[in-house]
A.B. asks: 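Take a look at the following structure, please.
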Number of protein chains: 2
Amino acid sequence: MNGDKLRSVSEKTINRLSLYRRLLENRFGKGHEHVFSHELAELACVTPAQVRRDLMCVDNSGSTSRGYSVQELVREITAVLDAPGGQRIALVGVGNLGRAILSYFSGRRPGIAITAAFDSDPSLAGRVINGCRCHPMSELSEVLRGSEIGAAIVAVPASAAQDIADRLVAAGVRGILNFAPVPLKVPEGVFLEHRDMTMSLETVAFFARRSLGDAE
Amino acid sequence: MNGDKLRSVSEKTINRLSLYRRLLENRFGKGHEHVFSHELAELACVTPAQVRRDLMCVDNSGSTSRGYSVQELVREITAVLDAPGGQRIALVGVGNLGRAILSYFSGRRPGIAITAAFDSDPSLAGRVINGCRCHPMSELSEVLRGSEIGAAIVAVPASAAQDIADRLVAAGVRGILNFAPVPLKVPEGVFLEHRDMTMSLETVAFFARRSLGDAE
DNA sequence: GAATATCTGTGAAAGCAATCACAGATAGTT
DNA sequence: AACTATCTGTGATTGCTTTCACAGATATTC
């Protein structure tokens with residue numbers, strides 16, 4: 001990787017780098033060979049200072065009065081975010097949400113692919129959904145150990161989530177994106193992101209209501 | 001609402017209150033009439049001090065040596081989070097993700113219901129999915145103005161998202177949960193939550209890889 | 001009923017993240 | 001070539017969130 005700088009990069013910065021890259025990719029070639037921090041900030045809905053701070057961890061030097069080369073910036077962010085040979089992800093839970101995730105990510109990012117799915121429903125075993133092969137849950141450890149999968153998405157019911165997480169960690173997974181509506185316990189060193197939709201929706205509902213109340 | 005305290009509550013605290021309530025509901029009646037801050041903290045994967053701080057904004061007083069009454073705590077959190085008569089939410093975009101969201105929230109929370117859905121595909125108009133009626137996109141303003149909907153979920157492609165957001169805001173929506181992979185611009189006073197799955201997955205992939213690198 | 005143990009509520013401290021503000025750089029203009 | 005304008009990179013600052021640590025409260029024990 002990029003050595004010392006990256007060891008201390010915050011999660012929020014990585015989040016925004018991912019966003020910056022996508023925004024830049026969408027604009028490149030459309031008459032935008034260069035971009036200023038305030039332009040990228042406008043696209044990303046953050047401040048220019050935030051953009052420049054975030055970019056301190058990539059090996060790119062913007063030029064004064066011309067800004068950043070879009071192409072170079074994309075390349076440098078990619079050098080930070082993507083694994084050189086691409087990265088494989090597993091999906092556990094092929095219900096409504098799991099399928100939506102599969103279809104959503106199918107070919108969306110070149111550097112990342114969901115290459116194995118698991119579900120407790122045996123009738124799914126062997127099926128291929130959006131280019132991803134489904135396996136029975138019992139094969140989880142076996143399939144993961146035979147692959148280069150280091151991260152996984154959990155989209156199972158709350159009751160099954162912790163057990164799945166334990167098995168994923170035991171099989172060597174070091175990053176989990178959790179959509180189950182329950183917090184997971186993972187050992188030190190395993191990165192965990194909890195994306196609880198109920199939490200998100202209740203929070204939006206609360207602040208929408210408070211905002212209405214404030215206006216009256 | 002609860003007056004002064006709530007005016008300054010942070011988003012993070014509201015997020016956790018939502019989580020606490022669900023964890024408590026799941027446990028109540030199973031021999032857990034009371035709960036200590038360290039027990040709830042364990043369930044939520046946070047520190048006991050965090051729990052106590054968060055609970056400062058609800059009108060509940062835990063008793064020393066017995067902790068909090070689970071039932072009372074749920075009631076008090078509900079008084080903060082839920083609208084007295086329940087809250088209605090709109091969903092825009094009934095694709096794979098939109099349907100997964102509809103099925104996920106169907107009857108999940110008593111205080112919140114997705115009561116109207118919109119999609120640009122005319123063949124969906126009039127259909128009822130998971131108890132939610134689908135409307136053509138052209139009826140968005142009309143339907144919203146005739147209802148008590150103050151918040152919405154956006155699950156449309158990136159290219160359509162900003163236009164949808166503008167129309168939602170114009171129709172009086174004050175909170176948006178955005179799943180489209182693009183940041184949205186909304187006026188001051190409108191609460192916006194961006195849940196970008198690509199960002200989340202790339203971030204998990206990054207830290208999983210870094211964690212593996214650290215271990216070697 | 002005094003002593004002990006263990007809890008809550010919260011002021012104070014520590015830790016993180018975002019913003020400010022300016023030095024240094026570079027292009028354009030006259 | 002000096003002057004102006006405007007950018008980046010970053011030390012310093014501000015603001016927010018979490019954690020610490022302890023006073024005060026309440027059961028329990030002897």
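Note that these values count all heavy atoms, side chains included, but never hydrogens, waters or copies made by symmetry. Letters go in sequence order (proteins before strands), and every chain restarts at 1.
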A.B. asks: Closer than 4.0 Å, any side-chain N/O of Gln50(A) to the OP1 or OP2 of dA17(C)?
C.D. replies: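 Looking at the OP1 and OP2 atoms of dA17(C), neither is under 4.0 Å from any side-chain N or O of Gln50(A).
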A.B. asks: For a quick check under 3.5 Å, do Asn130(A) and Ser103(A) share a side-chain donor-acceptor pair by atom type?
C.D. replies: no
A.B. asks: Below 4.0 angstrom from OP1 or OP2 of dA18(C), is there any side-chain N or O of Arg16(A)?
C.D. replies: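 Answer is yes, contact under 4.0 Å.
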A.B. asks: Any ion pair linking Asp82(A) and Arg109(A) (charged N to carboxylate O, less than 4.0 Å)?
C.D. replies: no
A.B. asks: If the cut-off is 4.0 Å, is Arg66(B) near the phosphate of dA27(D), judged by side-chain N/O to OP1 or OP2?
C.D. replies: yes
A.B. asks: Have a look at Ser10(B) and say if it touches a base, only the backbone sugar-phosphate, or nothing, with a 4.0 Å heavy-atom cut-off.
C.D. replies: sugar-phosphate
A.B. asks: In whole angstrom, give the distance that lies between atom CD of Glu39(A) and atom P of dT8(D).
C.D. replies: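 Result: 9 Å.
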A.B. asks: Report the distance from atom CG of Asp54(A) to atom P of dA17(C), rounded to the nearest whole Å.
C.D. replies: 11 Å
A.B. asks: Do NZ/NE/NH1/NH2 and the carboxylate oxygens of Glu39(B) and Arg27(B) come within less than 4.0 Å?
C.D. replies: no
A.B. asks: What's the closest nucleotide to the side chain of Lys12(B) if the choices are dC7(C), dT18(D), dG9(C)?
C.D. replies: dT18(D)
A.B. asks: To the nearest Å, how far apart are Leu73(B) CG and dT8(C) P?
C.D. replies: 11 Å
A.B. asks: Rounding to a whole Å, what distance do you find between Leu55(B):CG and dT8(C):P?
C.D. replies: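 Nearest whole value for this atom pair: 9 Å.
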A.B. asks: What is the distance from CZ of Arg52(A) to P of dA23(C), rounded to the nearest Å?
C.D. replies: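 It works out to 15 Å between those atoms.
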A.B. asks: Report the distance from atom CD of Glu72(B) to atom P of dT8(C), rounded to the nearest whole Å.
C.D. replies: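 The answer, rounded to whole Å, is 14 Å.
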A.B. asks: Nearest 0.5 Å, please: how far is CZ in Phe118(B) from OG in Ser141(B)?
C.D. replies: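 That separation rounds to 8.5 Å.
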A.B. asks: Rounded to whole Å, how long is the line connecting atom CD of Glu11(B) with atom P of dA18(C)?
C.D. replies: 13 Å
A.B. asks: Mapping His38(B) and Arg53(A) onto DNA chain C by nearest heavy atom, which one lands closer to the 5' end?
C.D. replies: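 Nearer the 5' end of the strand: His38(B).
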A.B. asks: Going by modelled atom types, is there a donor-acceptor pair between the base of dT8(D) and the side chain of Thr64(A) at under 3.5 Å?
C.D. replies: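 Side chain to base: no pair present.
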A.B. asks: Regarding Ser37(B), tell me which of base, sugar-phosphate or nothing describes its non-hydrogen contacts under 4.0 Å with the strands shown.
C.D. replies: sugar-phosphate
A.B. asks: Taking the nucleotide of DNA chain C with the closest heavy atom to each, which residue, Gly62(B) or Ser65(A), is nearer the 5' end?
C.D. replies: Gly62(B)
A.B. asks: Would you mind reading off the distance between Met56(B) atom CE and dA12(C) atom C1', rounded to a whole angstrom?
C.D. replies: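 So the CE-C1' distance, Met56(B) to dA12(C), works out to 13 Å.
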A.B. asks: Need one value for Asn60(A): base, sugar-phosphate or nothing, where a base atom within 4.0 Å counts as base even if backbone is also close, heavy atoms only.
C.D. replies: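 Sugar-phosphate contact only.
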A.B. asks: Answer yes or no for Arg108(A) and Tyr104(A): cation-pi contact, defined as NZ/CZ to six-membered ring centre under 6.0 Å and angle to ring axis within 45°.
C.D. replies: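 Positive - Arg108(A) is close enough to the ring of Tyr104(A) and near enough to its axis.
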